[in-house]
Amino acid sequence: VFDNYGAFIRKIPEPNISKFNVIDAIITFRRNNDILMLNKETLELSKIYSDTSMTDFSITEKKLYILNGDSLHIYKLNP
């Protein structure tokens, strides 16, 4: 994790990450069949989605997009 000036703050060890996204202080990533959110300031980790048929995901501030084979599921995120 780096601050706004590019100075190193800390390393967050998370093995087996296949994809990640950063929005403000939240790092969202896929580990195996789970999508997890990590608050980089508090280091609080929470699972927001799990599915064995998930092939890919994308996230914005308000929505979570899950691709399952030939279908796209869109979920509204709670603030």
Side-chain angles (χ1 to χ4, degrees):
V1 177
F2 297 88
D3 67 12
N4 291 341
Y5 301 104
F8 178 76
I9 298 173
R10 72 174 73 92
K11 181 178 179 180
I12 301 172
E14 280 297 331
N16 302 322
I17 293 176
S18 60
K19 182 178 181 176
F20 74 95
N21 191 351
V22 179
I23 299 174
D24 297 325
I26 304 296
I27 302 170
T28 308
F29 58 93
R30 179 177 178 185
R31 183 172 56 195
N32 302 320
N33 297 321
D34 301 327
I35 297 177
L36 303 150
M37 292 179 74
L38 175 70
N39 184 313
K40 71 177 187 175
E41 295 171 357
T42 65
L43 298 181
E44 179 183 349
L45 183 66
S46 57
K47 184 189 307 185
I48 62 168
Y49 187 84
S50 184
D51 188 347
T52 57
S53 63
M54 173 178 50
T55 55
D56 202 1
F57 86 98
S58 184
I59 192 165
T60 65
E61 290 180 10
K62 297 182 180 183
K63 293 186 180 177
L64 173 65
Y65 301 88
I66 304 291
L67 183 62
N68 289 343
D70 62 350
S71 61
L72 177 65
H73 302 269
I74 303 171
Y75 299 96
K76 184 177 179 181
L77 298 174
N78 294 328

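All figures in this text were calculated on a predicted structure; none of them were measured in a lab.
- Between Ile35 atom CD1 and Ser58 atom OG the span is 9.5 Å, to the nearest 0.5 Å.
- Taking Lys63 as the reference, nothing meets the salt bridge (charged side-chain N to carboxylate O under 4.0 Å, His left out) condition, with sequence neighbours excluded.
- Here the shortest heavy-atom pairing between Lys40 and Ile27 reads CB-CD1, 4.1 Å.
- A distance of 9.0 Å separates CG of Leu64 from CE of Met37, quoted to the nearest 0.5 Å.
- Residues satisfying the ring-ring contact (aromatic ring centres under 6.0 Å, His included) criterion with Tyr49, sequence neighbours excluded, are Tyr75.
- A side-chain donor-acceptor contact under 3.5 Å links Asp51 to the backbone of Ser53.
- From Asn33, atom CG reaches atom OG of Ser50 across 6.0 Å, with rounding to the nearest 0.5 Å.
- A distance-only check finds a donor-acceptor pair linking the side chain of Asn39 to the backbone of Glu41 [under 3.5 Å].
- Side chain of Lys19 to backbone of Asp56: no donor-acceptor contact under 3.5 angstrom is found.
- Closest heavy-atom contact between Met54 and Arg30: O-NH2, 2.9 Å.
- Rounding to the nearest 0.5 Å places NE2 of His73 at 8.5 Å from CG of Leu67.
- Across all their heavy atoms, Ile59 and Ile23 have their closest contact at O-CD1, 3.9 Å.
- In this structure the side chain of Leu77 never reaches within 4.5 angstrom of the side chain of Lys62, judged on heavy atoms.
- Apart from Tyr65 itself, the hydrophobic cluster it occupies contains Leu72, Ile74, where clustering links Ile, Leu, Val, Met, Phe, Trp and Tyr at side-chain heavy-atom distances under 4.5 Å.
- Distance check, rounded to the nearest 0.5 Å: CZ of Phe29 to CD1 of Ile17 gives 4.5 Å.
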task = Test Asn68 against Ile66 for side chain to side chain contact (heavy atoms under 4.5 Å, CB included), laying out the working first.
result = CA-CA 6 Å; Asn68 289 343; Ile66 304 291; 3.4 Å; yes
